[in-house]
Amino acid sequence: MSFTTTLPSSNSKLFKNATPMSKKHKFKPQFGRNENDRKSSGSGPSHSPAKRPMPPPQAHSTPPRKKARLSNGVASAIQEQRRELPIARGREALIREISANEVTVLIGETGSGKTTQVPQYLLEGGLAQAGMIGITQPRKVAATSLAARVSLEQGTPLGGCVGYAVRFDERAGPETRVKYLTDGMLTRELLGDPLLSRYSVIVVDEAHERTLRTDLLLANLKRILRERNGNGKQKGSPLKVVVMSATMDAEKFSRFFNDAKILYVKGRQHPVKIYHTSQNQTDYVDSAMRTFFQIHVDQPPGDVLIFLPGQEDIESLQKSLEMFSRQLPIDFPTVLIVPMFAALQASQQQDVFKPTPKGSRKCILATNIAETSITIPGVRYVIDTGKSKEKRYLAGPTGSGFDTLLTRDITKSSAMQRAGRAGREGPGFCYRLYTEDAFKQMAAAPEPEILRCSLAQAILQLMCVGQDIQELELMDSPDDDAIISALKNLFIIGAIDDKRRLTPLGLVLASFPLEPAHARAVVASKDLGCTSEILDIVSVLASSSKLFLDVSDKRSEIADGRRKLVHPSGDHLTLLNTVRGYSAVGITDASASAQEGAGKAGRNARREWARQHFVNERTLREAANIRDQLRVSCERAGIDWRVSCGDAEEPVLLALSHGLAQNAALITPDGTYKQTAGQQIVKIHPSSTMADKKVPAIIFDELNAALITPDGTYKQTAGQQIVKIHPSSTMADKKVPAIIFDELVYTNQIYARGVSSIQKSFLASLGAFNTRKA
DNA sequence: TGGGGATTT
């Protein structure tokens, strides 16, 4: 072919053993033309062959909103589908085993139907008589869409027999027997009902993901089993627990629950042929590009999904692919390149779900978002770079650690999950840009989140229900260092005292669905008269997605669009300007024409405003929900959320500084910033026998050490970090005496993100003891 | 000069 000089040459093909190439590149549908590919697992693991291709319910199927009076035909078709699921053959055995055992570990492959069927089997088997069946999910969309599917299968309206509960959205009532909920939601329920007495069965789904909340839930379930089922002193009705997981870690879950019975359910995934490279690839972006064209030239139709670590690689690969695609002969199928990552505008994210036009091949460049969170239809080929970005919190000795965000090798379970994305609708192919040896050397599964995140919020929540994270029987316990760091953090904001006891302020902070630092800013805003402003800011900080989205090649356009929002003091008041600018668009519109059509006109105007200012509207809508919830929390805590300081900036920055006390830095002569944490000025608490004594050095209850200063106050001793302001900050390259920041992230150096300029004098008023009047 | 992905009475 003429393009072999510009396209990667056929000699450099990474996958020489891949399916035979046709000399003529006519893209006739030739699914499953190579029978060997269907059966053999190649050099890697494969999925079992499917007898009857039928994908499981998709996360994106639209839920029926109302009681559907189903025709008999539809209803019986649904029941027929249920009976054909792989798990259906094991129905009686499952009911029997789960009834007979206190805890069951259920390993089900993708497509087995376990998540939709097990709760129904238990319901039909009479296990929901003393209480509900609760099924937990790590993600909200999964909980809501599964509930919709199962209520359809039960022929009852959503929120009737089958319901769900996720943050901001609940459809469950007195009749509800089967409830799908996020694991965070159930951990929340624990606070008010420590025995989960409303439930007779708890099914913990996707347990292998080992989210922080799943782990806390599992620990509590073990305790509840003892208390509700324990010999002699039962409280309430007995509880059954079913732990559902993908292939990994079955024995570990079983051991945790005293050698619980393990059951296996076959899946129904189409076969995926897996290829490994014969040599390690140094440049995975280039390898991905060459592999894509190898597929595009040699292989039958079907979309290609490429897993990459992050936005930067996606944008770079997109450019290369576009450049080479233009050089393809005219009779070749068009290449449609679609990027997919969380920080992408919602409208652009929709592009991956649009059907691929005839005569073209879609190539999706995605982060981990396509591994679990979304399912993209039409994918037949997966290219797996074997890399992902992983955030990991490094607890610092001063209670102010930082996050690392580094590209790392994925795990085996992640590699399997990625490969499986090629077999959703038919036999598929996965091209791994790493050797089989490299695969074998990968860790089995990701480290549990509880070992990788800040523990401040979790510890505070546990303290409120009288639990000690070091006493709690967890599957994996965090290091003492991480715990001590979190305790220091809680101490600095006044949530606990120097004896590790919860303070009245700590109890208030825990009542907010926020990180303790953000909750502290809300509480501080009461006396400073700026609660309205702090809620606007904190609700954005607590949102799951970023407010400002940047695509690298539109940088100056974006800067122009946002110019009016930028506040000279930095990122926090810029956020505030943005929230207020956006809200004002809605209010103006709604009051202008309160009659019909106003809602729609307002929505359109807000969307346009967000577009013009290059602001993520999804974040602003989520933030508005969070803000409503925080207003309720404020009312309970006796804080008037309407109180505003108008245009005054000082109270707002001071309130934020109370929460971010350990996230402050001072400028140094060479223009860099040095973190102040570890240099807090502290006063000795009046109740201490050391009060008013002047000694050279003090230690307070393993939480910290401090040295005396010439003015008689004490200064903490622990280390200080040199930090750089992140280039995305409005404060980048600005030199001011003092800053506070939302977080430190180490990528290629330690960056402060979410930065505001503050008066240096603020810091003196933030001593740990000064803040604890509650 | 640079942003994996979830989630909370």
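All figures in this text were calculated on a predicted structure; none of them were measured in a lab. Note on naming: letters A, B, ... go to the chains in the order of the sequence lines (proteins, then strands), and numbering restarts at 1 for each one.
Of the candidate nucleotides B:dT1, B:dT9, B:dA6, B:dT9 has the atom nearest to the side chain of A:Ser511. Listed nucleotides B:dG4, B:dT8, B:dG5 differ in distance to A:Leu405; the shortest reach to its side chain belongs to B:dG4. Side chain of A:Asn748, nearest nucleotide from B:dT9, B:dG4, B:dG2: B:dG2. The side chain of A:Ser544 lies closest to B:dT7 when the candidates are B:dT7, B:dG3, B:dT8. Checked against B:dT8, B:dT1, B:dA6, the side chain of A:Arg139 finds its nearest nucleotide in B:dA6. Nearest nucleotide to the side chain of A:Ser728, out of B:dT1, B:dG2, B:dT8: B:dG2.
Within the 4.0 Å cut-off from OP1 or OP2 of B:dT8, at least one side-chain nitrogen or oxygen of A:Thr182 is found. Not one side-chain nitrogen or oxygen of A:Tyr751 sits closer than 4.0 Å to the OP1 or OP2 atom of B:dT1. Between A:Gln629 and B:dT9 there is a side-chain N or O to OP1 or OP2 distance below 4.0 Å. Side-chain N/O atoms of A:Thr747 include one lying less than 4.0 angstrom from OP1 or OP2 on B:dG3. Look at A:Thr367 and you'll find a side-chain N or O under 4.0 angstrom from OP1 or OP2 of B:dG5. Taking side-chain N and O atoms only, A:His726 has a distance below 4.0 Å to OP1 or OP2 of B:dG3.
With respect to the salt-bridge test (charged N to carboxylate O, under 4.0 angstrom), the residues A:Asp169 and A:Lys140 do not qualify.
Put simply, the side chain of A:Arg223 gets close to the backbone of A:Pro194: a donor and an acceptor are under 3.5 Å apart.
Taking atom CG on A:Leu190 and atom P on B:dT7, their separation rounds to 19 Å, with Å as the unit. Across the protein-nucleic acid pair, A:Glu743 atom CD and B:dG3 atom P stand 11 Å apart, rounded to whole Å. Regarding A:Gln461, its CD atom lies at a distance of 17 Å from the P atom of B:dT7, rounded to whole Å. When rounded to the nearest whole Å, the span between CG of A:Asp183 and P of B:dT9 equals 12 Å. A:Met731 places its CE atom 18 Å from the P atom of B:dG2, with the value rounded to the nearest Å. Straight-line distance from the CG atom of A:Asn625 to the C1' atom of B:dT7: 14 Å, rounded to whole Å. Nucleotide B:dT7 holds its C1' atom 13 Å from the CG atom of A:Leu181, rounded to whole Å. Across the protein-nucleic acid pair, A:Tyr673 atom OH and B:dT1 atom P stand 16 Å apart, rounded to whole Å.
When heavy atoms are screened at a 4.0 angstrom cut-off, A:Ile369 is found touching the sugar-phosphate backbone but no base atom. At a threshold of 4.0 angstrom between heavy atoms, the contacts of A:Lys546 with the nucleic acid are absent. Across all strands, A:Arg636 comes closer than 4.0 Å to no nucleic acid atom at all (heavy-atom distances). Here A:Arg213 lies in heavy-atom contact (under 4.0 Å) with a base. At the heavy-atom level, A:Asp733 lies nowhere under 4.0 Å from the strands shown. Using a 4.0 Å heavy-atom distance criterion, A:Ala732 is classed as making no nucleic acid contact.
Nearest-nucleotide assignment on DNA chain B puts the 5′-proximal partner with A:Ala343, out of A:Pro513 and A:Ala343. Residue-to-nucleotide proximity on DNA chain B shows that, of A:Glu189 and A:Arg452, the 5′-proximal contact is made by A:Arg452.
When the side-chain contact (heavy atoms from CB on, under 4.5 Å) test is applied to A:Thr136, the partners found at least two apart in sequence or on another chain are A:Leu181, A:Asp183, A:Leu186, A:Val204, A:Leu217. Applying the side-chain contact (heavy atoms from CB on, under 4.5 Å) rule to A:Gln457 yields the partners A:Gln461, A:Glu515, A:Pro516; only residues at least two apart in sequence or on another chain are considered.
In summary, of the residues considered (A:His726, A:His572, A:Arg753), a side chain to side chain contact (heavy atoms under 4.5 Å, CB included) with A:Asp742 occurs for A:His572 alone.
Put simply, the side chain of A:Arg424 does not reach to within 4.5 Å of the side chain of A:Ile376, judged on heavy atoms.
The local environment of CD in A:Gln318 is crowded, with over 12 non-hydrogen atoms from other residues, nucleotides or ligands closer than 6.0 Å.
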